[in-house]
2 protein chains.
Amino acid sequence: MADVNPVLLDEQLCFSIYSASKKFNHFYQSALAPFGLTYPQYIAMLVLWEKAPLTVHQLGERLELDSGTLTPLLKRLEKQGWVTRVRSQIDERQVLIHLTEMATTKRDEVYSRIGQCQTLLDMSSEEIDSMMTELVTVKHQLDTVSNERLITKEVDKVN
Amino acid sequence: MADVNPVLLDEQLCFSIYSASKKFNHFYQSALAPFGLTYPQYIAMLVLWEKAPLTVHQLGERLELDSGTLTPLLKRLEKQGWVTRVRSQIDERQVLIHLTEMATTKRDEVYSRIGQCQTLLDMSSEEIDSMMTELVTVKHQLDTVSNERLITKEVDKVN
DNA sequence: AGCAATTTAATTGTATACAATACACTGGAA
DNA sequence: TTCCAGTGTATTGTATACAATTAAATTGCT
């Protein structure tokens, strides 16, 4: 029994990450409940607080999300008063996402709330650093593999 | 600049996990394309291959998913011929998920395909072990925190 | 037996995700 | 100038997720 099945280990790692991702999502959703923001909405706001306005495309690059996800998300943020969506005068294909005054005003409140909630997680910088380093490796492997054609479109079909 | 903002680091860790989860999802989806399975469908099959039949509830405990997610997922698996959904005779509230003959037949093909694709990831057992250990800690923290009322329902509202 | 409390699935509503497509628009080539 | 390739956003269709509610059935209690 010295041998470990790498297939299973890998699945467990994937499942752990999948599960952790869902838990984090839930954590942020709860933490942000006073503001009615979800985690994806929050990280969109984070990017915009850093530098707005941005086009949907620019935001998507930072968040690794496409317009199919962002367009409805941003419409919800607009409806809730966080952003405005303005079609660019220069290039009418682009939509610029601006922050509203409310968003600017509430930024520090949101930061403070997140800061408080994160304190509860009680994680050391070392832990966080180490995980992030390992995650970078994993993500790089995943990117590399998916760029090789072994796993892309022209894969052998099983019917 | 020796100080690091823990708020941001944490967000980066969360984002890293969120992003890795999406990439893994994509990886498995590509790997399983010959079988038309998604990652959540695949892990449902994994549990069932290990021990079937199971009720929706039992499956949900293993996968940390509720019936709102599983019911439609299992209906899709049924439509594609992997499982059958049979209401229990003993307790008619329960639905038992059975494997079809096709599912049993294809199991080794699926395992083999996954094994091949995972080899490409080229990750050492040490890397995997270390990540999983750290993820357990993080998930435990997230569980603990969400069980404290600081972040649950009766949170102060901001209007 | 009779009924309240509990359990279990399914349903409904909201919010992501992402592939594929549609569509408008821009900039450049002919 | 007209046409076209490329770009950026929106839309459509499919698949998760999960909270909240509903509905049906069982269990436990009297």
Side-chain angles (χ1 to χ4, degrees), chain A residues 15 18-30 32-33 36-45 53-61 63-80 82 85-97 146 152-153, chain B residues 15 18-30 32-33 36-45 53-61 63-80 82 85-97 146 152-153:
Chain A
F15 186 78
Y18 165 72
S19 167
S21 178
K22 288 194 297 176
K23 284 184 203 294
F24 256 125
N25 222 299
H26 180 257
F27 168 77
Y28 274 96
Q29 191 125 18
S30 301
L32 294 163
L37 292 173
T38 64
Y39 178 68
Q41 289 168 0
Y42 168 65
I43 56 176
M45 290 304 298
L54 289 175
T55 66
V56 174
H57 181 76
Q58 290 169 329
L59 194 53
E61 284 200 329
L63 301 176
E64 299 173 23
L65 293 172
D66 73 5
S67 72
T69 302
L70 284 178
T71 297
L73 184 152
L74 291 168
K75 283 182 177 172
R76 283 186 284 271
L77 283 180
E78 185 177 43
K79 198 196 289 183
Q80 294 166 39
W82 295 94
R85 297 162 63 252
V86 184
R87 200 160 282 278
S88 164
Q89 298 287 302
I90 298 109
D91 186 338
E92 295 218 355
R93 291 168 303 180
Q94 307 186 54
V95 172
L96 286 167
I97 313 300
S146 66
T152 44
K153 322 267 173 171
Chain B
F15 186 78
Y18 165 72
S19 167
S21 178
K22 287 194 298 176
K23 283 184 203 294
F24 255 124
N25 221 299
H26 180 257
F27 168 78
Y28 274 96
Q29 190 126 17
S30 301
L32 294 163
L37 291 172
T38 64
Y39 177 67
Q41 289 168 0
Y42 167 66
I43 55 176
M45 291 304 298
L54 289 174
T55 65
V56 174
H57 182 76
Q58 289 169 329
L59 193 54
E61 283 199 329
L63 301 176
E64 300 173 21
L65 294 172
D66 72 5
S67 71
T69 302
L70 284 178
T71 297
L73 183 151
L74 292 168
K75 283 183 177 172
R76 283 187 284 270
L77 283 180
E78 185 177 43
K79 197 196 288 182
Q80 292 165 39
W82 296 94
R85 296 161 63 254
V86 184
R87 199 160 283 276
S88 164
Q89 298 286 304
I90 299 109
D91 185 339
E92 295 219 355
R93 289 169 304 180
Q94 304 186 30
V95 172
L96 286 166
I97 312 300
S146 66
T152 43
K153 322 265 172 170

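Predicted model, so just to flag it, every value in this text is computed and none were measured.
- Residue contacts for B:Leu70: at a heavy-atom cut-off of 4.0 Å it reaches no nucleic acid atom on any strand shown.
- Within 4.0 Å (heavy atoms only), A:Leu37 reaches no atom of the nucleic acid at all.
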Report summary line: A correct 5'-to-3' footprint of nucleotides 6-16 of chain C, with B, S and - meaning base, sugar-phosphate only and no protein heavy atom under 4.0 Å, is -BSSBB---SB

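- For A:Arg85, the salt bridge (Lys or Arg N to Asp or Glu O under 4.0 Å) partners two or more places apart in sequence, or in a different chain, are A:Glu78.
- For A:Lys23, the salt bridge (Lys or Arg N to Asp or Glu O under 4.0 Å) test picks out B:Glu64, B:Asp143, with sequence neighbours left out.
- With sequence neighbours left out, B:Asp91 forms a salt bridge (Lys or Arg N to Asp or Glu O under 4.0 Å) with B:Arg93.
- At whole-Å resolution of the value, CZ in A:Phe24 and P in D:dA17 are 18 Å apart.
- Contact annotation: the side chain of B:Val56 approaches that of B:Leu74 to within less than 4.5 Å [non-hydrogen atoms, C-beta and beyond].
- For B:Tyr28, the ring-ring contact (aromatic ring centres under 6.0 Å, His included) partners two or more places apart in sequence, or in a different chain, are B:Tyr39, B:Tyr42.
- At whole-Å resolution of the value, CG in A:Leu54 and C1' in D:dG8 are 15 Å apart.
- Note: CG (A:Leu59) to C1' (D:dG8) measures 14 Å, nearest angstrom.
- Taking the ring-ring contact (aromatic ring centres under 6.0 Å, His included) definition, one finds that A:Phe15 meets it with A:Tyr18, sequence neighbours left out.
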